[in-house]
There are 2 protein chains.
Amino acid sequence: MELREAKDRFIHTWGTLATQWGINRTMSQIHALLLLSPKSLNADEIMDELQISRGNVNMNLRDLMSWGIIYKQLLPGERKEYFIAEKDIWKVARLIARERKKRELTPIVDTIDDIKKNLKDNTEEGKEFQKIINDISSVSSFTEMTLDHIVKSEESWLINTFLKVFK
Amino acid sequence: MELREAKDRFIHTWGTLATQWGINRTMSQIHALLLLSPKSLNADEIMDELQISRGNVNMNLRDLMSWGIIYKQLLPGERKEYFIAEKDIWKVARLIARERKKRELTPIVDTIDDIKKNLKDNTEEGKEFQKIINDISSVSSFTEMTLDHIVKSEESWLINTFLKVFK
DNA sequence: TTGAATTTTCAAAATTTTCTGAAAATATTT
DNA sequence: AAATATTTTCAGAAAATTTTGAAAATTCAA
């Protein structure tokens, strides 16, 4: 397999998967492109490489920056803005986990807490509802804690060690 | 808060979140409805409750069954099919984790493995690419293993104990 | 069998999401 | 300050996804 082909395949798979993640295809493809690029790229280069419009590139670069997984880089003597991806994949994984937790988990935990606080219903049906809500609350808390635990660990050596043990 | 209102809020939040998960809104709403329902429901009741078409209900019930998180129930003396949700939330969480792993993680691991096997490129750029690919491979494996570990644990007491410790 | 009840399918319609491209805003150079 | 380069915005277009609803298929009772 050629390097060119390998890169394209990776970018393509990454982008396709994103769709199932609820993240848009282009955003992932730009991320993949930057991740694989040894040097930072500007908007025109990304447009050209992925054959997409300037507006699209701009919007998604902004999103990627808000996730904290790419950085803007100002090159001396260059007028254009260049972008480079965070290359520490463990850090990228933590940032993605943090963002997904924020988007996927926190809202349901908040809703459930609010319902638990405010629901006054002592009928049989009400009690059953409370039970389910409490169960879901447990699972959510557990998941949240597990993610936090991974996200917060700034040292990656522990995780790396864990990985080696199981390899 | 009334029971009715609480249930509606939960179903609504659950459905809205699903969108960000890459899972469709209706599928989640049907799941939430069944999860909160003390008795099993048939297609007409679901159509009526969520104000959606028969085809939509049918399709999503099938999807939910393929995830293993709802069951078909044939009531004696009833012609219609009834559906009931798996109420053991830890089991539901494991089934969802398993399905998401299959959809989100496995394809990227497979692509990467294939690229690792087939790429022959010893240029500087090729080596850098290999490095990134290997890093991503590590993170994916780690995540896959962590999920497996949770998913495979058929006993939930350990997890429950863990939860209590942190509560 | 026949026919009524129920479920399934799927083409077309509706909705939602993403993308484009050109105009507006901002930044930099001369 | 004017000209030029670059980035940002956003309304409308395009694409993707979801939903509908009616016809076809299936199931079951008589």
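By convention in this document, chain letters (A, B, ...) are assigned in the order of the sequence lines, proteins followed by strands, and residues within each chain are numbered from 1. Predicted, not measured: the structure shown is a model, and the values here were computed from it. Below, each value reflects all heavy atoms present in this structure, side chains not excepted, and no hydrogens, waters or symmetry copies.
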**OP:** Measure across A/M47 and A/V57 and return the closest heavy-atom pair with its distance rounded to 0.1 Å.
**Re:** CG-CG2, 3.7 Å
Subject >> B/K116-B/S137 side chain donor-acceptor pair, cut-off 3.5 Å >> reply: yes
Original post:
Can you check the A/I52 CD1 to C/dG21 C1' distance for me, whole Å?
Top reply: 14 Å
Original post:
B/H31 vs B/W14 aromatic rings, parallel, tilted or perpendicular, using cut-offs 30° and 60°?
Top reply: tilted
Original post:
Rounded to whole angstrom units, what separation is found between the CZ atom of B/F83 and the P atom of C/dT6?
Top reply: 13 Å
Original post:
Expressed in angstrom and rounded to an integer, what is the separation of B/M65 atom CE from C/dT7 atom P?
Top reply: 11 Å
**OP:** Could you pull out all residues at least two apart from A/I84 that satisfy side-chain contact (heavy atoms from CB on, under 4.5 Å)?
**Re:** A/S40, A/Y71, A/Q73
Subject >> Rounded distance (Å) that lies between atom P of C/dC19 and atom CZ of A/R25 >> reply: 7 Å
Original post:
Whole-Å distance between C/dT9 P and B/D63 CG?
Top reply: 12 Å
**OP:** Take atom CG of B/L61 and atom P of C/dT6, then tell me their distance rounded to the nearest Å.
**Re:** 16 Å
Subject >> Spacing of CD belonging to B/E125 relative to OG belonging to A/S37, to within rounding of 0.5 Å >> reply: 8.0 Å
Subject >> Whole-Å gap separating C1' (C/dT9) and CG (B/N56) >> reply: 13 Å
**OP:** Report the distance from atom CD of A/E78 to atom P of C/dT29, rounded to the nearest whole Å.
**Re:** 11 Å
Subject >> Single-linkage hydrophobic cluster A/I108~B/L33, side-chain heavy atoms < 4.5 angstrom >> reply: yes
**OP:** Walking along DNA chain D from 5' to 3', note the first and the last nucleotide with an atom under 4.0 Å from a heavy atom of chain B, and give both.
**Re:** D/dT18 to D/dC28
Original post:
Mapping B/Q51 and A/K72 to their closest nucleotides on DNA chain D, which lands nearer the 5' end?
Top reply: A/K72
Original post:
For B/M59 and A/R79, take the nucleotide of DNA chain C holding the closest heavy atom to each; which residue's nucleotide lies nearer the 5' end?
Top reply: B/M59
Subject >> Sugar-phosphate only, base, or nothing, as touched by A/N24 at under 4.0 Å among non-hydrogen atoms >> reply: sugar-phosphate
Subject >> Sugar-phosphate only, base, or nothing, as touched by A/R62 at under 4.0 Å among non-hydrogen atoms >> reply: sugar-phosphate
Subject >> Side chains of A/R98 and A/K102 in contact at under 4.5 Å (non-hydrogen atoms) >> reply: no
